[in-house]
Visitor: 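Just dropping this structure here.
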2 protein chains.
Amino acid sequence: MARDSAATRARILAAAIDEFGAYGLAGARIDRIAEAAQANKRSIYVYFGNKEALFAAAMTHIVDDISTSVPIDTDDLPDYVGRIFDYYLANPSVVRMAMWLPLERPPQGPDETDAYAKKVAALSASGSPANDLDASDVVMFINALAQAWFMSPDSLRAADGLDPNSDERIARHRAALVETVRRMCG
Amino acid sequence: MARDSAATRARILAAAIDEFGAYGLAGARIDRIAEAAQANKRSIYVYFGNKEALFAAAMTHIVDDISTSVPIDTDDLPDYVGRIFDYYLANPSVVRMAMWLPLERPPQGPDETDAYAKKVAALSASGSPANDLDASDVVMFINALAQAWFMSPDSLRAADGLDPNSDERIARHRAALVETVRRMCG
DNA sequence: CGTCCACAACTAACCGTTGAGTTACTACGA
DNA sequence: TCGTAGTAACTCAACGGTTAGTTGTGGACG
């Protein structure tokens with residue numbers, strides 16, 4: 001096995017995102033992360049300090065990734081939600097971590113204030129995003145709508161009879177999502 | 001201390017809702033629930049079996065409570081979200097449990113299929129709730145929008161300068177919520 | 001009407017396991 | 001041969017769950 005500290009660190013981080021996404025902060029197991037990363041438990045402590053710090057590192061990593069991968073376009077919010085949805089679909093662990101963040105917030109956890117503040121500022125500055133609604137409310141709604149599919153139980157996703165894992169069903173939902181934001185923005 | 005098994009059971013259930021709401025299934029502590037309920041740990045096992053069963057009992061309790069407290073009105077969806085929001089505001093532990101459910105689903109957990117299926121069916125039957133959107137998507141969006149405020153970090157809630165705990169700010173958000181659903185329904 | 005008894009509610013101390021974090025050590029590579 | 005990456009074995013506290021025992025209550029019976 002090659003000795004590459006950067007690669008090991010990256011493997012640990014990737015495994016941590018999956019583990020925290022699957023089980024949350026309290027439910028995640030350091031041993032499982034080590035095993036999945038094919039790294040030793042000890043190296044996690046060497047590279048990241050402790051469980052909470054690892055969680056924080058994973059969180060900042062995904063926040064960075066999402067804000068570069070899915071830049072906001074204040075002139076086309078419907079398209080923006082669509083792209084967030086696509087990103088979530090491709091990165092299930094990321095949505096789940098995002099859902100966990102407000103629930104299990106470590107005391108010294110990462111503060112995504114800046115990422116949100118920038119979006120709200122950009123939206124406010126861009127004139128009238130959604131006519132008379134507050135920019136911060138619009139950001140909240142867009143986030144919530146993009147996550148709706150993932151926070152719904154399977155039973156609800158299947159409620160209309162289609163297989164919730166089929167491409168058609170997902171495409172329909174995506175279209176509904178984009179259309180909803182279009183209507184919201186007037 | 002009076003010996004009243006029904007009262008003790010109810011105290012445990014109430015404490016469990018708070019504890020699970022605050023920490024989730026994995027993070028919740030049986031000892032804390034017992035202490036908060038002013039009951040002995042043992043009685044929890046007598047009345048509910050184990051931790052997961054207690055979680056399930058708490059979940060079915062709130063599902064029941066919410067579906068009776070906030071009946072759906074398929075003819076006035078904007079009003080319906082508003083009422084859900086009010087309920088959530090008055091019962092913070094309930095929102096948090098609802099947010100936790102899709103993340104920490106115990107293997108033998110409660111299945112809220114029926115509650116959702118009924119809503120989707122009612123909505124489908126009532127003609128055109130939101131013109132061309134699937135009823136199940138509409139239900140997802142309504143749920144997500146009603147929860148948006150509670151899953152947003154404080155920094156986002158405060159992004160426009162107002163105190164996020166003030167009545168005015170909350171009223172503005174509620175109005176935005178109702179208006180958004182109104183637009184969604186066309 | 002008093003007294004005993006059986007059962008239900010309650011309690012405290014304990015047990016076994018799990019899991020975060022550490023220690024002491026080995027192997028690799030420059 | 002020195003420093004860094006990696007490993008296995010361990011510690012210790014926390015926590016879910018249990019055992020064994022205590023207290024209060026309500027009813028049967030003399």
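Just so it is clear: chains get the letters A, B, ... in the order the sequence lines come, proteins before strands, and each one is counted from 1. Only this structure's heavy atoms are used, side chains among them; waters, hydrogens and symmetry mates stay out.
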Visitor: For DNA chain C, find the residues of residues 42-51 of chain A with a heavy-atom distance under 4.0 Å and give them by number; none if there aren't any.
Guide: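 The answer is A:R42, A:Y45, A:N50, A:K51.
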Visitor: For B:R9 and C:dA8, what is the distance between atoms CZ and P respectively, to the nearest whole Å?
Guide: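 Result: 17 Å.
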Visitor: From CG of A:L25 over to C1' of C:dA20, roughly how many Å is that when rounded to an integer?
Guide: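 Result: 12 Å.
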Visitor: Under the side-chain contact (heavy atoms from CB on, under 4.5 Å) rule, collect the residues that match up with B:A7, sequence neighbours excluded.
Guide: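 Once residues adjacent in sequence are excluded, the partners of B:A7 under the side-chain contact (heavy atoms from CB on, under 4.5 Å) criterion are B:D4, B:R11.
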Visitor: Contact class for B:A28 (heavy atom, under 4.0 Å): base, sugar-phosphate, or nothing?
Guide: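 If one applies the 4.0 Å heavy-atom cut-off, B:A28 turns out to touch the sugar-phosphate alone, with no base involved.
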Visitor: Between B:V178 and B:F85, does the side-chain contact (heavy atoms from CB on, under 4.5 Å) criterion hold? Intermediate values first, please.
Guide: CA-CA 10 Å; B:V178 173; B:F85 181 76; over 6 Å; no
Visitor: How would you summarise protein contacts on nucleotides 13-18 of chain C per nucleotide, using B for base, S for sugar-phosphate only and - for none, with heavy-atom distances below 4.0 Å?
Guide: ------
Visitor: Run the salt bridge (charged side-chain N to carboxylate O under 4.0 Å, His left out) test against B:R182 and tell me which residues pass, sequence neighbours left out.
Guide: B:E179
Visitor: Can you name the salt bridge (charged side-chain N to carboxylate O under 4.0 Å, His left out) partners of B:D160, sequence neighbours left out?
Guide: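 Salt bridge (charged side-chain N to carboxylate O under 4.0 Å, His left out) list for B:D160, sorted by chain: B:R169.
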Visitor: Quick one: side-chain contact (heavy atoms from CB on, under 4.5 Å) partners of A:D31, sequence neighbours excluded?
Guide: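 Testing A:D31 for side-chain contact (heavy atoms from CB on, under 4.5 Å), a comparison that skips the adjacent residues, returns A:K41.
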Visitor: Can you measure B:E35 atom CD to C:dC10 atom C1' for me and round it to whole angstrom units?
Guide: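 It works out to 17 Å between those atoms.
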Visitor: What side-chain donor-acceptor pairs closer than 3.5 Å can you find for residues 143-151 of chain A, not counting sequence neighbours?
Guide:
none

Visitor: For A:D18, what residues pass the side-chain contact (heavy atoms from CB on, under 4.5 Å) criterion, not counting sequence neighbours?
Guide: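 Here the qualifying residues are A:S93.
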Visitor: Taking the side chain as C-beta and beyond, is there a heavy-atom pair between B:P164 and B:D154 under 4.5 Å?
Guide: yes
Visitor: B:R29: what forms a salt bridge (charged side-chain N to carboxylate O under 4.0 Å, His left out) with it, not counting sequence neighbours?
Guide: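 By the salt bridge (charged side-chain N to carboxylate O under 4.0 Å, His left out) rule, B:R29 matches no residue at all.
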Visitor: Name all residues meeting the side-chain contact (heavy atoms from CB on, under 4.5 Å) criterion together with B:S69; count only those two or more places apart in sequence or in a different chain, and write none if there are none.
Guide: B:D65, B:Y87
Visitor: Without decimals, in angstroms, what is the distance between B:Q38 CD and C:dA9 P?
Guide: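 The distance from CD of B:Q38 to P of C:dA9 comes to 18 Å, rounded to the nearest Å.
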Visitor: Just N and O in the side chain of A:T8: are any of them under 4.0 Å from OP1 or OP2 of D:dG6?
Guide: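 Yes.
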Visitor: Please list, in numerical order, the residues of residues 12-22 of chain B that have a heavy atom closer than 4.0 Å to any atom of DNA chain C.
Guide: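 Under 4.0 Å from DNA chain C: no residue of residues 12-22 of chain B.
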Visitor: Tell me, please, which residues at least two apart from A:R9 pass salt bridge (charged side-chain N to carboxylate O under 4.0 Å, His left out).
Guide: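 Applying salt bridge (charged side-chain N to carboxylate O under 4.0 Å, His left out) to A:R9 gives none.
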